[in-house]
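So the structure is just underneath, and the comments pick up after that.
Please read all numbers here as calculations on a predicted model, not as lab measurements. For reference, positions follow the sequence shown, starting with 1. As the structure lists them, so they are numbered: ligands from 1, and atoms in each ligand from 1.
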Amino acid sequence: MSLSVLQAAPRVLLVTGGHNYDNSFHSLFDDTVDVKSNPKAFDTDMRRNYDVLVLYDMATDLTDKQKTNLMNFAEAGKGILIMHHAICSYNDWAWYRELVGGVYLLKSSTYKHDVDMDVKVVAKHAVTAGLHDMKIHDETYHGMWISPDSKVLLRTDNPLSDGPLAWISAYSKSRVVYVQLGHGKEAHRDAGYRQLIKNALAWCAGS
Ligand SMILES: [Zn+2]
């Protein structure tokens, strides 16, 4: 007698809070995704209940216990998709910038809304599978620190941007991808962007 084992869908926790966003953001995910707000999302040990953490939150600090829960999740070999303004969080927490592979410095980095930019696929990777060079209407960030060890997947030559728009972090204990794009509905509804996030979620889940 043989048992057929169905591959369970990845259990995803999406963390929001601390920054406004368009409701169109939620159309990127299906209704199995749990949504919690920063900082309460980090009150419990996330390892038992989730396979993938999606960060679309922004905050300056966490309690030591909340930090430990986030670190334990990352060190457990899970997947973490860090999106857009979540790179602005915890400017003073060195561990977090290593996790992300970059940081938007609240004191010196700059942003610009409503920029039309060319996006180039610059690396072959599961996260860029099926993606082509494209144009997108979105927000640029400039003056960030980006780890030289990050593997850049998407890039723009728009001078309002630092250039890298998505990368794989060098953080080695989990699969960590950062996507700078994704401010508003123009990005959230963009077919190429939707493919990018779908790929990133699948890669984070280890599939
Ligand atoms: Zn934004």
* Asked: When you measure from the centre of the six-membered ring of W95, is the NZ or CZ of K67 under 6.0 Å away and within 45° of the axis?
  -> no

* **D118 and K135 ion-paired at < 4.0 Å** => yes

* To do: Look at the rings of Y141 and H84 and say which category their plane angle falls in: under 30° parallel, 30 to 60° tilted, over 60° perpendicular.
  => parallel

* Is K112 close to S161 at the side-chain level, that is, under 4.5 Å between some pair of heavy atoms? -> no

* Asked: What are the protein N/O/S atoms, named by residue and atom, that sit under 2.8 Å from the Zn ion (ligand 1)?
  -> H84 NE2, E139 OE1, H183 ND1

* Is there side-chain contact between M83 and L28, with heavy atoms separated by less than 4.5 Å? -> yes

* To do: Check the angle between the aromatic planes of Y96 and Y90 and answer parallel, tilted or perpendicular using the 30° and 60° thresholds.
  => perpendicular

